[in-house]
Amino acid sequence: MSINTATNPATGYIAIDQGTTSSRAILFDVHFAIIHIAQQPFDQHYPKNGWVEHDPEAIWQTVQAVTQEALSAAHSKGMQVKHIGIVNQRETTLVWHRETGKCVYPAIVWQDRRTRDICKGLKPHEQMVQSKTGLRLDPYFSATKISWILDNLPGAREQAEQGELLFGTVDSFLIWRLTEGRVHATDVTNASRTCLFNINTTNWDPALLSLFNVPASMLPTVKDCADDFGITTHFDAPLHISGVAGDQQAALIGQGCVQPGNVKATYGTGCFALVNTGTQCDINQHNLLTTLAYRIKGQTHYAVEGSIFIAGAAVQWLRDGIQLITHAADSEQIASDVDDEHGLVVVPAFTGLGAPYWEPSARGAIFGISRATTAAHIVRATLESVCYQTNDLLEAMSSGDIRPSVLKVDGGMVANSWFCQHLANTLSTQVVRPVVMETTALGAALLAAIQAGQLSGLDAIQNANPTECTFNPEGNDEQRQQRLAQWKQAVSATLLMAQHA
Ligand SMILES: Nc1ncnc2c1ncn2[C@@H]1O[C@H](COP(=O)(O)OP(=O)(O)O)[C@@H](O)[C@H]1O
Ligand SMILES: O=P(O)(O)OC[C@H](O)CO
């Protein structure tokens with residue numbers, strides 16, 4: 001990779017990765033090696049069944065703290081950081097006062113299902129919504145979360161209509177706070193997750209604003225992913241906010257998936273498999289989403305996405321919910337010690353089922369419990385469930401003629417090698433883990449480097465993240481098919497239960 005130091009005197013980049021369970025700031029050098037990782041978790045709030053909220057001030061405070069720590073690490077190593085990137089949990093919805101910057105309500109998290117009935121009521125418009133946004137009418141996306149806030153908070157709709165309230169996904173909220181209210185902006189990838197953004201024209205869409213009853217004055221300006229998002233003077237030295245993307249799209253970049261047909265799956269709280277589909281916008285008709293992959297130097301690339309709401313979150317549930325493990329990493333040894341024929345199927349539909357089923361009313365289930373069932377079986381079956389869900393996504397992709405021969409994986413869960421091997425076995429596909437597992441943050445740093453002039457464009461980063469380990473599929477195909485059939489039966493039973501919810 002050629003480094004243009006003439007136009008870019010910086011010696012490092014900071015990537016702010018604002019995730020569902022923690023905020024991270026990662027210091028990269030100009031060769032995109034990780035120099036320092038600062039991380040702070042924050043609390044999840046579940047006020048009602050199916051509701052998930054974050055405290056906006058906890059998001060803000062953890063982001064400030066980790067960014068300051070990464071900057072201090074840069075200073076202590078004599079590095080000069082001039083450009084930062086922001087990547088974030090997507091769809092999560094914040095509404096704040098233009099004057100004070102204070103949020104009127106907690107952040108409604110992407111996993112939150114409270115707007116299920118609003119979505120049901122809008123079903124006759126699903127075709128129109130899908131053709132414009134590439135998304136579905138599902139509580140996952142921001143639009144119904146915004147209208148819920150405006151309709152449930154006394155006075156909020158009037159204030160919004162008078163231009164006093166602003167909406168943003170987490171990137172936008174952070175940009176607003178970091179620039180002390182000077183910049184209200186987002187990037188195309190985050191905009192494409194709101195259900196208000198037309199991905200064909202790459203503009204906010206008046207028909208969608210009217211359908212979801214969202215005033216246009218609340219919306220941020222939409223920019224490229226490598227762009228000028230303002231300067232923050234919040235820290236010791238001014239920093240240019242130069243790269244912004246939704247975390248899953250950033251991971252696509254960080255995995256070097258910049259050619260049509262390249263696929264990655266990120267296993268954090270949820271799992272999101274994205275395939276780069278190039279510059280043509282073809283709306284997927286196989287229960288997957290069509291979304292913006294990135295827009296760089298004005299050129300838009302699209303992706304098809306399969307979204308699973310619960311992946312690493314199921315491991316957190318094993319640890320914090322039913323307390324079968326002490327640390328997430330313990331799941332690896334426990335799963336590998338359990339024999340194959342345990343007969344248990346866990347369906348982790350804790351916040352509904354995403355792609356390809358799209359059933360917000362579904363809830364989790366465990367099938368096949370016997371007197372011989374132990375905690376270890378539940379741990380193993382939980383990890384297996386994430387593999388089965390990924391298989392569902394790849395099947396949906398292949399009905400749309402997308403047949404990946406290699407799956408690039410990343411995210412917190414892929415530190416678990418047993419999981420990666422079982423994933424390869426379940427998919428009967430090679431699974432590849434990269435050297436930099438923080439692909440989301442790497443994507444942010446690469447975007448900032450493009451804007452800083454160090455990199456000419458995405459072609460320059462195709463090989464930025466080489467392979468650390470390849471997992472080749474193993475095992476007996478008959479057994480594999482049997483297990484997949486069991487999984488499908490378990491999902492059918494779960495969906496049947498959901499009809500009565
Ligand atoms: N060794 C492991 N085995 C299985 N799951 C793990 C392991 N280490 C971390 N996880 C899971 O990975 C998730 C954290 O990944 P991360 O990419 O940081 O998520 P996010 O960005 O969504 O906050 C947690 O849900 C955790 O349960
Ligand atoms: O926080 P993560 O990494 O699970 O990502 C969340 C996604 O962006 C939700 O769409």
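Order of listing sets the numbers, starting from 1, for every ligand and every atom in it.
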* **Proximity to ligand 1 by part of A313, non-hydrogen separation under 4.0 Å** => backbone
[X] and [Y] ion-paired at < 4.0 Å:
| X | Y | value |
| --- | --- | --- |
| E438 | R24 | yes |
| E305 | R90 | yes |
| E359 | R113 | no |
| R295 | D224 | yes |
| D138 | R136 | no |
| E474 | R480 | no |

* Is W317 close to I310 at the side-chain level, that is, under 4.5 Å between some pair of heavy atoms? -> no
* Asked: Tell me, do C225 and V188 make a side-chain contact under 4.5 Å, heavy atoms counted?
  -> yes
* Can you tell me if Q316 has a non-hydrogen atom under 4.0 Å from ligand 1? -> yes
* Do any heavy atoms of Q89 fall under 4.0 Å from ligand 1? -> no
Show the atoms of ligand 2 that are less than 4.0 angstrom away from any heavy atom in [X].
| X | value |
| --- | --- |
| T269 | 4 (O) |
| Y140 | 9 (C), 10 (O) |
| F272 | 5 (O), 6 (C), 7 (C), 9 (C), 10 (O) |
| G270 | 4 (O) |
| Q89 | 8 (O) |
| E91 | 9 (C), 10 (O) |

Identify every side-chain donor-acceptor pair in residues 320-327 under 3.5 Å, counting partners at least two apart or on other chains, and give the distances.
none

* **Ligand-side contact atoms (ligand 1) for residue partner S331, heavy atom cut-off under 4.0 Å** => 3 (N), 4 (C)
* To do: Identify, by atom number and element, the atoms of ligand 1 in contact range of T20, meaning under 4.0 Å from any of its heavy atoms.
  => 23 (O)
Nearest-neighbour protein heavy atom for [atom], which is reported as residue plus atom name and distance:
| atom | result |
| --- | --- |
| atom 11 (C) of ligand 1 | G312 CA, 4.0 Å |
| atom 19 (O) of ligand 1 | G268 CA, 3.4 Å |
| atom 17 (O) of ligand 1 | G412 N, 3.0 Å |
| atom 1 (N) of ligand 1 | A329 CA, 3.4 Å |
| atom 5 (N) of ligand 1 | M413 CG, 3.2 Å |
| atom 22 (O) of ligand 1 | T269 OG1, 2.5 Å |
| atom 5 (O) of ligand 2 | D247 OD2, 2.8 Å |
| atom 21 (O) of ligand 1 | R24 NH2, 3.7 Å |
| atom 23 (O) of ligand 1 | T21 OG1, 2.5 Å |
| atom 1 (O) of ligand 2 | T20 OG1, 2.4 Å |

* Structure fact -> Which of V409, V386, V431 passes side chain to side chain contact (heavy atoms under 4.5 Å, CB included) with F419? Answer is V386
* Asked: Are any of the N/O atoms in N416 less than 3.5 Å from those in ligand 1?
  -> yes
* Look at the aromatic rings of H54 and F42 and report parallel, tilted or perpendicular, splitting at 30° and 60°. => perpendicular
* Should the ring pair Y13 and F32 be called parallel, tilted or perpendicular, given that the plane angle runs from 0 to 90° and is split at 30 and 60? -> parallel
* Please walk me through it: do K120 and E126 pass salt bridge (Lys or Arg N to Asp or Glu O under 4.0 Å)? -> CA-CA 10 Å; K120 269 191 191 157; E126 180 140 46; over 6 Å; no
* **Sub-3.5 Å N/O-N/O distance, Q248 and ligand 2** => yes
Distance-only criterion, 3.5 Å: show the donor-acceptor pairs between side-chain atoms of residues 266-276 and protein atoms not counting sequence neighbours.
unit_1: T266; atom_1: OG1; unit_2: Q248; atom_2: OE1; d: 3.4
unit_1: T266; atom_1: OG1; unit_2: K264; atom_2: NZ; d: 2.7
unit_1: T266; atom_1: OG1; unit_2: D410; atom_2: OD1; d: 2.7
unit_1: T266; atom_1: OG1; unit_2: D410; atom_2: OD2; d: 3.4
unit_1: Y267; atom_1: OH; unit_2: T390; atom_2: OG1; d: 2.9
unit_1: N276; atom_1: OD1; unit_2: G278; atom_2: N; d: 2.9
unit_1: N276; atom_1: ND2; unit_2: C257; atom_2: O; d: 3.0
unit_1: N276; atom_1: ND2; unit_2: Y294; atom_2: OH; d: 3.0

